[in-house]
Participant: 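Before I ask anything, here is the structure I am working with.
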Amino acid sequence: LMIVWKENNASIGTIDLYDFDPMNLRAGVGILIDSEYRQKGIGGHVLNMISDYAFNFLLVKQIYAHVPKRNLASLKLFTRSGYSHTARLHAWIKTNDGFDDVFVMQLINPKLKI
């Protein structure tokens, strides 16, 4: 989904749900905001909107994100949005410097009892 700034109708980022698993009631979430629009609360607002959609329309039990350990801004964003750091995937992504770890961040739907 495109994130649009209402003031000028500019596309300023994207957010998506991926790896939707209806059997296990989960989906991954990915977000990208143009650097000019960061640090304005947009990321948190959009994450709340997508979690509301995932929990109340798709009826998933959880959404998760894989966040590179060096991406401190994203780790802060997901933590502020209620996600918990639940796992570390060692040497998960290739970088210019070799391989780096990724943190798994999860948000559990407190309303869905199964």
Participant: Return the NZ to CD1 distance between Lys40 and Ile12, rounded to the nearest 0.5 Å.
Facilitator: 9.0 Å
Participant: Measuring from Leu77:CG to Leu72:CG, what's the distance to the nearest 0.5 Å?
Facilitator: 12.5 Å
Participant: Flag yes if Leu17 and Leu1 sit in one hydrophobic cluster, no otherwise; membership is Ile, Leu, Val, Met, Phe, Trp, Tyr, and two members link when side-chain heavy atoms are under 4.5 Å apart.
Facilitator: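 Leu17 and Leu1: one cluster.
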Participant: CZ of Arg38: more than 12 outside heavy atoms within 6.0 angstrom?
Facilitator: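 Enclosed.
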Participant: Provide the closest heavy-atom pair for Gly44 versus Ser81 in the form atom of the first, atom of the second, distance.
Facilitator: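 The answer is CA-OG, 3.8 Å.
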Participant: Of the non-hydrogen atoms in Ile3 and Leu32, which two are nearest, and what is the gap between them?
Facilitator: CD1-O, 4.2 Å
Participant: Return yes if some donor-acceptor pair links the side-chain N/O of Asp34 with the main-chain N/O of Glu36 below 3.5 Å, else return no.
Facilitator: yes
Participant: Please enumerate all residues that pass salt bridge (Lys or Arg N to Asp or Glu O under 4.0 Å) together with Arg88, with sequence neighbours excluded.
Facilitator: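 Scan of Arg88 (salt bridge (Lys or Arg N to Asp or Glu O under 4.0 Å), adjacent residues dropped) gives Asp101.
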Participant: Shortest non-hydrogen contact from Ala54 to Ile63?
Facilitator: CB-CG2, 3.8 Å
Participant: So, taking the atom named CD1 in Ile31 and the one named CD1 in Ile50, what distance separates them when rounded to the nearest 0.5 Å?
Facilitator: 9.0 Å
Participant: Please check if the number of heavy atoms outside Phe57 that lie under 6.0 Å from its CZ is greater than 12.
Facilitator: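 Not buried by this count: 12 neighbours or fewer within 6.0 Å.
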Participant: Does the side chain of His85 reach to within under 4.5 Å of the side chain of Val104, using non-hydrogen atoms?
Facilitator: no
Participant: Any idea how Trp5 and Tyr37 line up, ring-wise: parallel (<30°), tilted (30 to 60°), or perpendicular (>60°)?
Facilitator: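 Tilted, since the angle between the ring planes falls between 30° and 60°.
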Participant: Are Ser84 and Gln106 close enough that a side-chain donor and a side-chain acceptor fall under 3.5 Å?
Facilitator: no
Participant: Any side-chain heavy atom of Arg26 within less than 4.5 Å of one from Val60?
Facilitator: no
Participant: As an exercise, state the distance from CG of Asp100 to NZ of Lys94, rounded to the nearest 0.5 Å.
Facilitator: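 The distance works out to 12.0 Å.
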Participant: Please report the interatomic distance CD1(Ile42) to CE(Met49), rounded to the nearest 0.5 Å.
Facilitator: 12.0 Å
Participant: With the side chain counted from C-beta on, respond yes when Ile108 and Lys61 share a heavy-atom pair under 4.5 Å apart, and no when they do not.
Facilitator: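 Side-chain contact under 4.5 Å: yes.
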Participant: Tell me, please, which residues at least two apart from Asp19 pass salt bridge (Lys or Arg N to Asp or Glu O under 4.0 Å).
Facilitator: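 Result, salt bridge (Lys or Arg N to Asp or Glu O under 4.0 Å) vs Asp19: none returned.
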Participant: Answer yes or no: is there a side-chain heavy-atom contact under 4.5 Å between Met105 and Leu75?
Facilitator: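 They are in contact (side-chain heavy atoms under 4.5 Å apart), so the answer is yes.
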Participant: Using the rule given for side-chain contact (heavy atoms from CB on, under 4.5 Å), can you reason through Val4 versus Asn9, listing the C-alpha separation, both sets of side-chain angles and the distance that settles it, and then say yes or no?
Facilitator: CA-CA 6 Å; Val4 176; Asn9 214 25; 3.4 Å; yes
Participant: Are Leu25 and Leu58 close enough that some pair of their side-chain heavy atoms sits under 4.5 Å apart?
Facilitator: no
Participant: Heavy atoms, side chains only, cut-off 4.5 Å: are Val29 and Ile15 in contact?
Facilitator: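 In contact.
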Participant: Enumerate the residue pairs fulfilling side chain to side chain donor-acceptor pair (under 3.5 Å) with a member in residues 41-57, sequence neighbours excluded, ordered by first and then second residue.
Facilitator: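 Non-adjacent pairs meeting side chain to side chain donor-acceptor pair (under 3.5 Å): Asp52-Asn56.
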Participant: Going by ring-ring contact (aromatic ring centres under 6.0 Å, His included), Tyr83 matches just one of Phe103, Tyr64, Phe78. Which one?
Facilitator: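 Among the candidates, only Phe78 passes.
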Participant: If you round to the nearest 0.5 Å, how far is CG of Leu107 from CD of Gln62?
Facilitator: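 These two atoms lie 9.0 Å from each other.
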Participant: Salt bridge or not between Asp97 and Arg70? Use side-chain N to carboxylate O under 4.0 Å.
Facilitator: yes
